[in-house]
Amino acid sequence: MAYTTFADECLVIRKGIFNVDSDCYCKKGVPFVRISNLDSMIIDTKDMVYIPSGIHKDNLKTELKRGDIVLSKTAVAAASIVNIDCCNVSQDIVAIKFKANSKVLSHYVVVFLNTVYGNEQLQRRFTGNVQMHLNLEECKNEVMIPVFPIQFQLKIKTLFEKAILLRSQSQMLYSETQKLLLENLNLTDWQHNNNQVNVKSLKESFLSSGRLDAEYYQVRFDELEAKIKWFHYKTIAEIQQFNARGVQPNYVEKGHVPVVNSKHILEEGLDYDNFERTTEVFLSSQNRAQIGYGDILIYTTGANIGRTQAYLKHDYALASNHVNILRVKGVNPVYLAFVLNSPIGRMQTEKLCSGSAQVEIYPNDIEKIIVPILDETKQETIAAKVQDCFALKMESKRLLNVAKTAVEIAICEGEEKALKYLKENGNE
C-alpha cells in the first residue's frame with residue numbers, strides 16, 4: 001500500500017496565533033477557531049468567537065479556507081475539516097493547507113486521522129510532562145497517510161459533505177424552532193430592560209423570597225415573568241412528578257450503562273457518543289438517579305448552568321450529581337425541555353441560581369420556574385421539530401462513522417470490501 005506524509009502534501013502545517021486572549025475578541029470579525037470548536041470532525045460554530053481583521057491580516061500564514069484541516073495541538077488528538085469560508089486559529093490548533101496537486105483529499109485525510117490507525121499515530125507524537133503537545137516536526141515527517149485511488153477518496157468526501165449538510169440542517173431547524181416558540185409567545189422582538197436598579201419593599205423582597213442578593217430583583221426578570229403570565233402558565237412545582245439531582249457515579253470503563261455528566265448537556269442536544277459508563281448493578285442500586293426516555297436533564301453547576309435537554313434514547317442511563325432529573329405530567333417533556341433551554345428558561349435560571357465562586361441551582365429553585373403552556377398541538381409541533389433536529393444530527397454522526405469504518409476496512413481488507421460497505425451503509 002502506498003503512503004505519503006504531511007511534509008510531501010502540505011503547503012502549510014503550523015500552530016495558530018500566539019497570545020490572543022478574550023480581550024481581543026469582538027462581536028464581528030474573522031471566526032477564530034479554538035479547541036472547544038472541534039466536534040466530531042466538523043468545526044462547531046455555535047460558540048464561535050471573532051478576532052479583528054487587523055489581527056487576522058497580521059497572521060495570514062494561518063488563515064484557513066473551506067476544505068482545509070485543523071488539528072488539536074493538545075493531548076486530545078482531534079482532526080476536523082474547515083466547514084466555514086474563512087477563519088484563523090488559536091495557538092492550541094494546528095493549521096493545515098494541502099497543495100493543489102496533493103495525492104490525498106483533505107476530507108479523506110480528516111477521516112483517516114480519526115480512525116484507529118491515524119489517531120494512534122498522532123497520539124505517539126505528543127510530548128511533554130504536565131501539558132502534552134503535538135510535536136509538529138514528527139507529525140509532518142512521520143505520520144503515514146495511506147494513498148487510495150482518487151475515486152475511493154471522492155466517495156469518502158461525498159459522504160463527509162452529506163454529513164456536514166445534515167449537521168447544518170439540524171442547526172438551522174433548531175434556530176427556526178426557537179423562533180417559532182418566541183413567535184407563539186409574542187417575544188420575538190422583546191428587548192428586556194437592562195436597568196440594574198429595582199425598588200422593592202421588604203415585604204416584596206426578602207419576606208417573600210428569602211433572598212437578599214440584588215441580582216435576584218433585576219427589572220428584566222420581573223418583565224419576563226409579566227410577559228409569560230399573559231399566557232396560560234404553570235410552575236414546575238405544579239407539573240413535576242420527580243425533581244432531584246443524580247448521584248456521584250461509580251465509573252467503570254467497560255460498563256454497559258451510560259452515565260450523563262453536566263458536560264454532556266450541550267446547547268442543541270445531549271452528547272450521546274461520549275457518555276461515561278457504569279454497571280447495571282450500580283444503576284439498579286440508585287433508583288433516584290435513573291434516567292428514562294423523555295426525562296428532562298438540567299445542568300446545575302458552573303458556567304453553563306441552566307442548559308437543558310430531553311433524554312431521547314430508550315436505554316436507561318444514570319445521572320451524575322451535577323445533573324438534575326425532571327419528570328413531568330400533563331406537558332410534553334420535549335417541549336418543556338426546549339422552553340427551559342430557551343432564553344425564557346435560561347433567564348429564570350440566572351435569577352434563581354445562587355453562589356459566588358461556583359453558581360448552583362437546586363431542585364427547590366427549579367420548581368419555582370414558570371412555564372408558558374401552549375396548546376397541545378403547538379407543543380407537539382415544537383417537540384416534533386426538536387426530535388427532527390436530533391434525528392438529523394444522529395444521521396450526520398452515523399455517516400461520519402460509516403466513512404471512518406470504510407477507511408479502516410480499506411486499510412485492513414482492501415478497497416473492494418470498503419466500497420461494498422459504503423454501498424450498503426452510505427445511503428448511496
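In this chain, residues are counted from 1 in sequence order. Here the structure is a predicted model, which is why all the values come from computation and not from measurement.
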May I ask you to decide if I164's main-chain N or O and S168's side chain share a donor-acceptor pair within less than 3.5 Å? no
Take a 6.0 Å sphere around NE2 of H232 and say whether it holds more than 12 heavy atoms from other residues, nucleotides or ligands. yes
Does R327 form a salt bridge (charged side-chain N to carboxylate O under 4.0 Å, His left out) with D295? I'd like the steps, not just the answer. CA-CA 5 Å; R327 211 166 286 139; D295 282 351; 2.8 Å; yes
Please answer whether the main-chain N or O of I51 pairs with a side-chain N or O of H56 as donor and acceptor at a distance below 3.5 Å. no
Would you say K227 and E223 make side-chain contact, with heavy atoms under 4.5 Å? no
Does any part of the side chain of I93, heavy atoms only, come nearer than 4.5 Å to the side chain of I35, both counted from C-beta? yes
Enumerate, atom names and distances included, each donor-acceptor pair closer than 3.5 Å involving a side-chain atom of residues 408-421, sequence neighbours excluded.
residue : atom : partner : partner atom : Å
E408    : OE2  : V116    : N            : 3.1
E413    : OE1  : K417    : NZ           : 3.4

Over all atoms of both residues, closest heavy-atom pair of F282 and Q248: CZ-O, 3.6 Å
Pair V247-N321, side chain to side chain contact (heavy atoms under 4.5 Å, CB included): steps then yes or no: CA-CA 4 Å; V247 296; N321 52 322; 5.6 Å; no
Any side-chain heavy-atom pair of V70 and N37 under 4.5 Å: no
Within the 4.5 Å heavy-atom criterion, are Y272 and L312 side-chain neighbours or not? yes
Are E395 and R398 close enough for a salt bridge, meaning some N to O gap below 4.0 Å? yes
Side chain of N184, backbone of L181: donor and acceptor closer than 3.5 Å? no
Could you tell me which non-hydrogen atom of D39 sits nearest to which non-hydrogen atom of R167, and how far apart they are? OD2-NH1, 3.3 Å
d(Y251 OH, T279 OG1) to nearest 0.5 Å is 13.0 Å
Could you tell me if R66 and N83 have a donor-acceptor pair between their side chains, going purely by distance under 3.5 Å? no
Please check if atom NZ in K385 has more than 12 non-hydrogen atoms from other residues, nucleotides or ligands closer than 6.0 Å. no
N119 side chain to N114 backbone, donor-acceptor under 3.5 Å: no
Check whether any side-chain heavy atom of D388 lies under 4.5 Å from a side-chain heavy atom of T177, and answer yes or no. no
Applying side chain to side chain contact (heavy atoms under 4.5 Å, CB included), run through N324 and I361 and close with a yes or a no. CA-CA 9 Å; N324 195 91; I361 189 165; over 6 Å; no
Flag, side chain of S102 to backbone of K99, donor-acceptor distance under 3.5 Å: no
Main chain of V331, side chain of Q379: is a donor-acceptor contact present, judged purely on distance under 3.5 Å? no
Here the gap from H107 atom NE2 to E161 atom CD, rounded to the nearest 0.5 Å, amounts to 4.5 Å
Count the heavy atoms of every other residue, nucleotide or ligand shown that sit under 6.0 Å from CD of Q241, and state whether that count exceeds 12. yes
Applying side-chain hydrogen bond (donor to acceptor under 3.5 Å, both in side chains) to R307 and N341, what does each step give before you reach the verdict? CA-CA 6 Å; R307 273 188 184 172; N341 200 49; over 6 Å; no
Between the side chain of T45 and the main-chain N/O of M48, is any donor-acceptor distance below 3.5 Å? no
What residue pairs, at least two apart or across chains, pass ring-ring contact (aromatic ring centres under 6.0 Å, His included) with a residue in residues 11-33? none
Looking only at heavy atoms, what is the nearest atom pair of P249 and S320, with distance? CG-CB, 3.8 Å
Could you tell me whether E280 atom CD has more than 12 heavy atoms of other residues or ligands within 6.0 Å of it? no
Would you say Q290 and V257 make side-chain contact, with heavy atoms under 4.5 Å? no
So, Y311 versus Y316, ring centres under 6.0 angstrom or not? no
Pairwise distance CG(L105) to CZ(F98) - rounded to 0.5 angstrom: 9.0 Å
Short N-O contact, R125 and E142, less than 4.0 angstrom: yes
Could you walk me through whether S106 and I81 satisfy the side chain to side chain contact (heavy atoms under 4.5 Å, CB included) test, starting with their C-alpha distance in whole Å, then the side-chain angles of each, then the deciding distance to 0.1 Å, before giving a yes or no? CA-CA 7 Å; S106 58; I81 202 77; 3.7 Å; yes
No-hydrogen, no-angle side-chain donor-acceptor test under 3.5 Å, N59 and T62: no
For N243 and Q240 the tightest heavy-atom approach is ND2-OE1, 3.0 Å
Kindly compute the distance separating NE2 (H133) from CZ (F126), expressed to the nearest 0.5 Å. 9.0 Å
More than 12 heavy atoms of other groups within 6.0 Å of K397 NZ: yes
Check whether any side-chain heavy atom of K97 sits under 4.5 Å from a side-chain heavy atom of K65, and report yes or no. yes
The reported gap from OH in Y299 to CD in E267 (rounded to nearest 0.5 angstrom) is 10.5 Å
Heavy-atom closest pair, residues F275 and P258: CD1-CB, 3.5 Å
For the backbone of L266 and the side chain of Q309, can you confirm whether one donor and one acceptor N or O come within less than 3.5 Å of each other? yes
Exam field: side chain T4 to backbone I145, donor-acceptor pair closer than 3.5 Å: no
Main-chain N/O of N401 paired to T405 side chain as donor or acceptor, under 3.5 Å: yes
L270 and K313: CA distance, side-chain angles, deciding distance, side chain to side chain contact (heavy atoms under 4.5 Å, CB included) verdict: CA-CA 10 Å; L270 295 172; K313 291 276 191 178; over 6 Å; no
R277 to H256 - nearest heavy-atom pair and separation: NH1-O, 3.4 Å
Within a strict 4.5 Å, meaning less than it, do heavy atoms of the F160 and L400 side chains meet? yes
Look up atom CG in N304 and atom NZ in K263, then write down how far apart they are to the nearest 0.5 Å. 13.5 Å
